[in-house]
Structures are given as C-alpha cells and as structure tokens.
**Student:** 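The structure that follows is given in the form of structure tokens.
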Amino acid sequence: MRVSKLFMPTLREVPSEAETVSHQLMLRAALIRKLASGVYNFLPLGLRVLRKIEEVVRQEMNREGAQEILCSALLPSELWKESGRWEVFGPEMFKLIDRNDREFCLGPTHEEIFTDIIRNEIKSYKDMPLNLYQIQTKYRDERRPRFGVMRSREFIMKDAYSFDTSWEGLDESFNKMYRAYNKIFERCGLDFKAVEADTGAMGGTGSMEFMVKSDIGEAEVVFCTSCDYAANVEKAPTFEAEILSSEDMKNIEKVETPNVRTIEELVKFFNTTSEKFAKTLIYKADDKVVAVMVRGDRDVNETKVINQLKCINFEMADAETVKRVTGADVGFAGPIGIKVDELLIDYEVKNTKNMIVGANETGYHIINANFGRDFNGIVGDFRNITQGDRCPKCGGSITINRGIEVGHIFKLGTKYSEKMNATFVDEKGEQKPIIMGCYGIGINRTMAAIIEQNHDEKGIIWPISIAPYKVIVVPVAMKDDEQVKVAEEIYNKLNDMGVETLIDDRDERAGVKFNDADLIGIPIRITVGKKIKDGIVEFKLRNSSEVIDIKVEDIYNRVLEVIKENIK
RNA sequence: CGGGGUGUAGCACAGGUGGUAGUGCAUAUGGUUCGGGACCAUAGGGCCGCAGGUUCAAGUCCUGUCACCCCGACCA
C-alpha cells in the first residue's frame, strides 16, 4: 500500500477526549474514530490490526479442535426469557421491538443461543465433545463506557462454548482452552497472567481470567510473591485470624459524636486507629435489606457478600432506607438494634475486642462493642484481601496490581442446559443435561492492551505478529529519482514475497514520514536516502534505536529473518 | 445512577467587568527549503452544543436541555 493513497489521517495533537495512552494513540495513529460514547469506527489500519488478532485467535482455537460458526447479533427475547436473563441483564441489554411488536435484543453474549443450537441438534453422547465458537460483535449498554475501545458498548468478542457428557470431559475442554488462550496472548506480545476468578452471575464451578498487567486495568489482581498463586481480589479469600487483642471486654458505652461520620473523622475524634472501628454498611439485596460489618480500614468485598446471600440484585442502600433501618442519618449505622433482614460480620470484626460502632442514633457512637455479647450475625469472609494479608495458598506475602481482563474461561456446568432442557442420551440410555463451558476473548480490548504495553513517546510499537504492515519503505527525498526507483523496487519485491509493506511516497519532509512511521508503529523501517549511491539503505526496527546500513540486495533475507524470529 | 468537568474553525486552545470572534497547528495557492512534525506571503474556513429568557446589545448573564470526558457505583 502507498501511504499517499492510504486513508490514514494521523493526528499531531492529543485529542482532549482521550486520557489513556492506548486511547490517545489509537486516535492519533488513525486506527479508530469515535461515533458516540462507547461506539467506534475502525479505519484501515485499525481494521487490519483487529483482523490480525482475530486470525491469531482463530488459528489457536482451530488448533484445539474448536469449530467456527457465526450467530446473529439480533436475538429474539424468547430464549432469554427461558433462561431468566431477559430480566437479569436488565438495562445493560440493548432491547428493541420489531414492526410486529416482538421483542429483540442485540446480543450481549450468546450462551442461550449456542445452547439452543445444540439442544436442537445433539441427542447422543456420541456427538460430544464439541466446541463451537464465533468472532462476532456484541452489544452492551454499559453504564460507563471507558478508555475508548477498552470498555465500549459495541465490541468484537470471540466466544466459544464447549459441550461435554461428563465433568471430566469439561475439565479437558477447559484445559484445551486454557492452553489456547496462553498461546493467543503470547502471540499478541502481551505480558499477562491467568488468574483465579469469581464465577459471578454466570454461575458454574470454576473460572480463570487472563489479565494483562496495566495501571489502567479495571480489575485488581492478587499475586503471591513466593508461589504461583494469582487471583482477582473479588475471588481471593481471607482467613479467620487469631484473636487480635487479648484485652478483656469492657463495658459498652454510648458516646456523643456530633457530625462525626466517616472513619477518617472518627479516627481523629477518638484519637485512635481505624482498626478499632467496625463500619456497618447497608445494602439492598433483591427484596431484602442487609448490613455488612468490616473493620474500619477494610473494604467490603461485594462479590463475597453476593455469593453468601445468593442474590441477583445488589446495591448500596439509599439514604432513606438507611434511615429506616438504623433510625439515624447516614454515618451512624451500627449492629446493635439495627432492623435488617441479615447482618453479615467479617471474621476480623468478630475477633476484635471493644470496637467502636455506630449507635443507630444520629450523633452517637458506641464504644466497647463486642461480638457475641452485644451483637450477633452471620460470620464469614466478607472483605477484600489487602496488602499485608497472607497468600491463601502458601501463606507468603502478596502484592496487588491492576489488570485488564482480556479473556475469561468458565466452567458453566449444567446451568443453561438444565434451564433450557439441553440434554443427551448416554451409553445407558439415560437422559442427562449437557455439561457446558464458555470462553471469551475481547478482541478490541486486547488491541488496546497491546498498545498499553507496547508504546513509547513516539507512538505504537506493534509486535510483528499483529502489525497492520510489517515493513515501511521510506524514500527520504521524492525528488531524487534514484531513491524513488530503489524504494519502489524494494516495495514491490517485498510485497511479491508476501511481506505486507508500505511505501511512504508522499512528498513530505523526512521528519514527517519518520514521525508517522513511528506513530503507527510499523515494526521494520527501510530508509532509502543519500547512501543509495553506494547501494546502501538503512534498516531500522521500531523497537530499537539502532540504525543499520545494509546493501539493497541483502534486505530481503534480513526482513524474512526478523519476521521469522518474531513470529512463532 | 451520584459527584466533578468541558462544549468557540478539522485538531489543541484563548476570549476580565455584555458592544457583532481570535491564536497555533492543519487545509489551499505561490515562493524558499528538504534525513526527525520547515519558513515567508496570501487565502478559505464559525447557527460560540441546542432552546428559551434578561438586555438597545449575549460567546460572555439567567433557566432549561443535550452531548462528551473523568471519579465512584455497576459489569458473563
């Protein structure tokens, strides 16, 4: 492709709408343009990269025996009502109505559809195992689209679904996908880690997320510094520690604390540390109101609470509800005399003596409150693991980093097959539910993650495996006939060899061409300049500052070598 | 959905106390340049997000509304 003809409107300045590096560079390098919040168009270079990533995914999925199909993105409501998720997804689903008043949605995911396909066609254990996948556009009306393509409302996802006759078979299908995912993200040049994850509303028995380490990641991941344990903080358990203080229970006492509400204010007011406090947070869980107690310096782990309550809807209670159950303004909730359906108490609160809690009376707190004597409830692990906690696996010390979730693999089990009656007949002639797994990769997000991890101040540094073009030939002076002639020769020959190559034949100054080449991140640059008189051109890799003089005739092997080294 | 912020030329932004809109980059033309985003000259380009209101007069003040961004909440 000739750069003079390429639709590549690069931007010199950083668009003000973009905050993160990948978002800025995707805009600047003319990969994408925004249409609406969380909705993007892909320009030629962006599309090429997207297709490259898809191709890597496709190859590795096929290698593990998965078969590609393509479902519609426009889905009738019936299947969703059957599984119960028409309501569960709620406002996150783009719903629409056809001219005959029938309800549809734009697919946010496809468990129901794949289950439906299978139940209509598969009747016997002989038809399994089976793994079907698609690479297709998904729609989710996110509450808050973020960081460009990182969290958008329309995005491309590879979703695969496995169907097995036994739990052992599911394990095998799952392991195949685990293997495929590792290869895929390796080939994409990502520094990533597979971590244990919560199964969430999807249900099921096990799941792993593939996390790319990045400060802009929306997930927090726990890593053990001494063993291989890694998990989403949502998932990572904390354990009941020994009694934290041996002091005796003191007498309970009500203390006036006018306008002192937050833990910070309380710490100042009582002149103590936040470990001495227990905060009581009020939530609405489906039709119940529940309170959760954790130590003042801890965060409630909502996933753990949801799993305990087995509820679907879960949110912080509004001020009015708080008033109703506590009888006080927000900021004075406590366990004693609170009118909630459930009171959940974290281990640490149970094991700390003489805590300071809200009095359920505006302007008052209670000191020397003790579990068992003064209040009771369901005790368990309801807080986030934090720095200073021990590794759940080996007891070593942990670190917590942010990560971008680029892939997620799930053992679904029979959740959907039972609800939707997807069964098969086994060897003994018995009817059984099909055992399922599901496996997703966010293609657009993977693209953004690659840029987050592969860039410098000049622009993107694409790994060769997914670069939109592998080589860019830059004739320095378009007025120099010899430079142009040789550049054209190199360009034509490389393309004939099957190497995707650009030639920057624009009548621009060298600086402009170099800067654009760096911005769009082409891995190999061949500069044809003055030294062409001696049959020499320059060979430069985007990820290195080294410029090598090389004879024209040696270029071709050199390019092939570099490509071979970088693509397994 | 709560909190904060921004809407002025393709992009980035400036426009005290109201007086009919500007800068840089980009674009077009001519010239000089030509190996890391050149310089000079000239030119084009604006429902100042939208709708009301106050006023002789609104980019500027008031009200409403929409869009976008950020934090939080939320999210297979």
Side-chain angles (χ1 to χ4, degrees), chain A residues 9-20 23-24 27-28 30 33-39 83 85 88-93 107-112 114 138 140-148 151-153 157 159-161 197-204 207 209 216 218-219 234 281 283-284 299-300 302-303 306 312-319 405 407-412 415-416 436-442 457-459 474-480 483 504 506-519 525 527-532 537-538 540 545 547:
Chain A
T10 54
L11 267 25
R12 271 193 202 198
E13 290 181 84
V14 179
S16 55
E17 70 184 47
E19 201 100 325
T20 55
H23 190 191
Q24 290 173 354
L27 256 5
R28 288 227 294 138
R33 287 286 114 104
K34 185 175 72 183
L35 223 204
S37 179
V39 182
S83 72
R85 289 210 296 178
V88 173
F89 258 99
E92 201 161 312
M93 196 143 61
T109 176
H110 280 235
E111 281 78 12
E112 283 81 353
F114 275 71
K138 306 285 190 218
R140 288 183 196 177
D141 195 359
E142 296 284 350
R143 283 204 192 165
R144 177 141 108 88
R146 237 201 261 237
F147 303 151
R151 177 170 222 79
S152 51
R153 296 193 292 173
M157 185 177 203
D159 51 326
Y161 305 84
D198 187 76
T199 49
M202 287 299 305
S207 94
E209 289 168 337
I216 69 158
E218 295 176 277
E234 285 181 355
L281 300 169
Y283 290 90
K284 281 163 117 171
D299 291 322
V300 169
E302 297 192 354
T303 302
I306 289 168
I312 292 169
N313 294 306
F314 187 77
E315 57 181 354
M316 289 288 286
D318 51 280
E405 180 191 342
H408 200 161
I409 57 178
F410 262 101
K411 292 180 187 175
L412 281 180
K415 177 173 172 175
Y416 291 90
M436 293 173 55
C438 80
Y439 317 91
I441 291 178
E457 62 290 341
K458 285 289 195 179
V474 181
V476 169
M478 292 305 289
K479 299 214 166 40
D480 184 319
Q483 286 183 25
D504 196 343
R506 295 175 298 175
D507 188 16
E508 287 284 358
R509 300 166 68 86
V512 172
K513 296 188 184 185
F514 292 151
N515 280 310
D516 268 342
D518 288 345
L519 213 209
R525 190 180 82 199
T527 309
V528 184
K530 291 189 196 101
K531 286 173 270 187
I532 196 60
V537 296
E538 286 168 6
K540 182 184 173 297
S545 56
V547 178

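Chain identifiers are assigned alphabetically (A, B, ...) following the order of the sequence lines, protein sequences preceding nucleic acid strands; residue numbering begins at 1 within each chain. Because the structure is predicted, anything quoted here is derived from the model rather than measured.
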**Student:** Mind checking the CG-OG1 spacing from A:Leu519 to A:Thr10? Nearest 0.5 Å is all I need.
**Tutor:**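 Reported value, rounded in 0.5 Å steps: 6.0 Å.
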**Student:** Reckon A:Pro9 touches a base, only the sugar-phosphate, or nothing at all at heavy-atom distances under 4.0 Å?
**Tutor:**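 Contact class for A:Pro9: none.
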**Student:** Rounded to whole Å, how long is the line connecting atom CD of A:Glu142 with atom P of B:C70?
**Tutor:**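 To the nearest whole Å, that distance equals 13 Å.
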**Student:** Please list, pair by pair, any protein nitrogen or oxygen found under 3.5 Å from a nitrogen or oxygen in nucleotides 23-25 of chain B.
**Tutor:**
unit_1: B:G24; atom_1: N2; unit_2: A:Glu13; atom_2: OE2; d: 2.7

**Student:** Could you measure between the two C1' atoms, the one in B:C25 and the one in B:C69, and give it in whole Å?
**Tutor:**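 Comparing C1' positions in B:C25 and B:C69 gives a spacing of 23 Å.
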**Student:** In whole Å, what separates the C1' atom of B:U63 from that of B:A58?
**Tutor:**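 14 Å, rounded to whole Å.
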**Student:** Round to a whole Å and report the spacing from CD of A:Glu19 to P of B:G4.
**Tutor:**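 Atom-to-atom, A:Glu19 to B:G4, this comes out as 18 Å.
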**Student:** If you find the nucleotide of RNA chain B closest to A:Lys513 and the one closest to A:Phe89, which residue's nucleotide is nearer the 5' end?
**Tutor:**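 Final value for this comparison: A:Lys513.
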**Student:** So what does A:Val14 touch, heavy atoms closer than 4.0 Å: a base, only the sugar-phosphate, or nothing?
**Tutor:**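 Since only primed, P, OP1 and OP2 atoms lie under 4.0 Å of A:Val14, the category is sugar-phosphate.
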**Student:** If you restrict it to nitrogen or oxygen atoms, what contacts under 3.5 Å exist between nucleotides 6-9 of chain B and the protein, and what is each distance?
**Tutor:**
none

**Student:** To the closest 0.5 Å, what do you measure between CZ (A:Phe114) and CE (A:Met436)?
**Tutor:**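 Between A:Phe114 CZ and A:Met436 CE, I get 9.5 Å after rounding to 0.5 Å.
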**Student:** So does A:Glu111 pair up with A:Lys415, basic N to acidic O under 4.0 Å?
**Tutor:**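 Looking at A:Glu111 and A:Lys415, the cut-off is not met.
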**Student:** Is there a donor-acceptor pair under 3.5 Å between the side chain of A:Glu538 and the backbone N or O of A:Val547?
**Tutor:**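 Answer holds: no.
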**Student:** Rounded to the Å, how far apart are A:Ile216 CD1 and B:C70 P?
**Tutor:**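 Checked: the CD1 to P distance equals 10 Å.
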**Student:** Restricting to side-chain contact (heavy atoms from CB on, under 4.5 Å), what partner residues turn up for A:Glu234, sequence neighbours left out?
**Tutor:**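 side-chain contact (heavy atoms from CB on, under 4.5 Å) check on A:Glu234 returns A:Asp198, A:Asn232, A:Thr303.
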**Student:** Polar pairs (N or O, both sides) under 3.5 Å between protein and nucleotides 33-35 of chain B?
**Tutor:**
unit_1: B:U33; atom_1: O2; unit_2: A:Arg509; atom_2: NH1; d: 2.7
unit_1: B:C34; atom_1: N4; unit_2: A:Lys479; atom_2: NZ; d: 3.4
unit_1: B:G35; atom_1: O6; unit_2: A:Lys530; atom_2: N; d: 2.9
unit_1: B:G35; atom_1: N1; unit_2: A:Glu538; atom_2: OE1; d: 3.3
unit_1: B:G35; atom_1: N1; unit_2: A:Glu538; atom_2: OE2; d: 3.0
unit_1: B:G35; atom_1: N2; unit_2: A:Glu538; atom_2: OE1; d: 2.2
unit_1: B:G35; atom_1: N2; unit_2: A:Glu538; atom_2: OE2; d: 2.9

**Student:** Would you mind telling me which residue lines up with the more 5' stretch of RNA chain B, A:Pro145 or A:Val512, judged by nearest nucleotide?
**Tutor:**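 Result of the comparison: A:Val512.
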**Student:** What are the atom names and distances for every N/O pair under 3.5 Å that joins the protein to nucleotides 71-73 of chain B?
**Tutor:**
unit_1: B:C71; atom_1: OP2; unit_2: A:Arg144; atom_2: NH1; d: 3.2
unit_1: B:C71; atom_1: OP2; unit_2: A:Arg144; atom_2: NH2; d: 2.4
unit_1: B:G72; atom_1: OP2; unit_2: A:Arg146; atom_2: NH1; d: 3.4

**Student:** Looking only at atom C1', what distance separates B:G16 and B:G52, rounded to whole Å?
**Tutor:**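 Roughly 27 Å separates the two C1' atoms.
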**Student:** Report the distance from atom CG of A:Leu27 to atom C1' of B:G10, rounded to the nearest whole Å.
**Tutor:**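 About 13 Å, once rounded to whole Å.
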**Student:** If I pick the C1' atom on B:A43 and the same atom on B:G35, what distance separates them, to the nearest angstrom?
**Tutor:**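 About 32 Å, rounded to a whole number of Å.
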**Student:** Has A:Gln24 got a side-chain atom pairing as donor or acceptor with A:Ala18's backbone, closer than 3.5 angstrom?
**Tutor:**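 Yes; judged by distance alone, with no hydrogens or angles, the pair exists.
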**Student:** Using the P atom as the point on both nucleotides, what is the distance between B:A12 and B:G49, in whole Å?
**Tutor:**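 Comparing P positions in B:G49 and B:A12 gives a spacing of 15 Å.
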**Student:** Send over the distance from A:Arg28 CZ to B:A12 P, rounded to a whole Å.
**Tutor:**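 The answer, rounded to whole Å, is 12 Å.
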**Student:** From NZ of A:Lys34 over to C1' of B:C69, roughly how many Å is that when rounded to an integer?
**Tutor:**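 Value for this atom pair: 7 Å.
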**Student:** Is the shortest side-chain heavy-atom distance between A:Glu17 and A:Leu27 below 4.5 Å?
**Tutor:**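 In short, these two side chains touch, coming nearer than 4.5 Å.
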**Student:** For nucleotides B:U29 and B:G44, find the distance between their C1' atoms and express it as a whole number of Å.
**Tutor:**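 Taking atom C1' in both B:U29 and B:G44, they lie 11 Å apart.
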**Student:** Applying the side chain to side chain contact (heavy atoms under 4.5 Å, CB included) criterion to A:Thr527, which one of A:Val537, A:Asp504, A:Val476 satisfies it?
**Tutor:**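 For A:Thr527, the side chain to side chain contact (heavy atoms under 4.5 Å, CB included) check succeeds only for A:Val476.
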**Student:** For A:His110 and A:Lys138, run side chain to side chain contact (heavy atoms under 4.5 Å, CB included): C-alpha distance rounded to whole Å, both residues' side-chain angles, the deciding distance at 0.1 Å, then the answer.
**Tutor:** CA-CA 9 Å; A:His110 280 235; A:Lys138 306 285 190 218; 3.0 Å; yes
**Student:** Look up atom CE in A:Met478 and atom NZ in A:Lys513, then write down how far apart they are to the nearest 0.5 Å.
**Tutor:**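 Those atoms lie 5.0 Å apart.
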**Student:** Convert the base pairs of RNA chain B into dot-bracket notation, remembering that pairs crossing earlier ones are written with [ ] and that bases paired across to another strand are shown as |; include only Watson-Crick or G-U pairs under 3.5 Å.
**Tutor:** (((((((..((((.....[..)))).((((((.....)))))).....(((((..]....))))))))))))....
**Student:** Nearest 0.5 Å, what's the CD-CZ distance between A:Glu13 and A:Arg28?
**Tutor:**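 It is 9.5 Å, given to the nearest 0.5 Å.
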**Student:** Within the structure provided, determine whether A:Pro15 and A:Lys34 are in side-chain contact (heavy-atom separation under 4.5 Å).
**Tutor:**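 They are not in side-chain contact.
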**Student:** Taking atom P in both B:C34 and B:C39, compute the distance separating them and give it to the nearest angstrom.
**Tutor:**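 Rounded to whole Å, the distance is 14 Å.
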**Student:** I need the CD-P distance between A:Gln24 and B:C70, as an integer number of Å.
**Tutor:**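 Distance check: A:Gln24 CD to B:C70 P gives 11 Å.
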**Student:** Going by heavy atoms in the side chains, are A:Asp518 and A:Arg525 under 4.5 Å from each other?
**Tutor:**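 In short, these two side chains touch, coming nearer than 4.5 Å.
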**Student:** Do the side chains of A:Lys479 and A:Asp507 get nearer than 4.5 Å, heavy atoms only?
**Tutor:**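 Touching, per the 4.5 Å side-chain cut-off.
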**Student:** Tell me whether the side-chain N/O atoms of A:Ser16 come closer than 4.0 Å to OP1 or OP2 in B:C13.
**Tutor:**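 So the side-chain polar atoms of A:Ser16 do come within 4.0 Å of the phosphate oxygens OP1 or OP2 of B:C13, strictly under.
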**Student:** Kindly indicate whether the side chain of A:Lys458, heavy atoms from C-beta on, has any atom under 4.5 Å from the side chain of A:Phe514.
**Tutor:**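 In short, these two side chains do not touch, never coming nearer than 4.5 Å.
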**Student:** Provide the distance between the two C1' atoms, one in B:U8 and one in B:C13, to the nearest whole Å.
**Tutor:**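 Roughly 10 Å separates the two C1' atoms.
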**Student:** Are the side chain of A:Arg153 and the backbone N or O of A:Ser37 linked by a donor-acceptor pair below 3.5 Å?
**Tutor:**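 Yes; at least one donor-acceptor contact below 3.5 Å.
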**Student:** So, does A:Arg146 use its side chain to make a donor-acceptor pair with the main chain of A:Ser152 at under 3.5 Å?
**Tutor:**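 Answer holds: no.
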**Student:** What verdict does the side chain to side chain contact (heavy atoms under 4.5 Å, CB included) test give for A:Thr109 and A:Arg85, after you've listed the backbone C-alpha separation in whole Å, the side-chain angles of each residue and the deciding distance to 0.1 Å?
**Tutor:** CA-CA 11 Å; A:Thr109 176; A:Arg85 289 210 296 178; 3.6 Å; yes
**Student:** Select base, sugar-phosphate, or nothing to describe what A:Asp516 touches, counting heavy atoms under 4.0 Å on all strands.
**Tutor:**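 Base contact.
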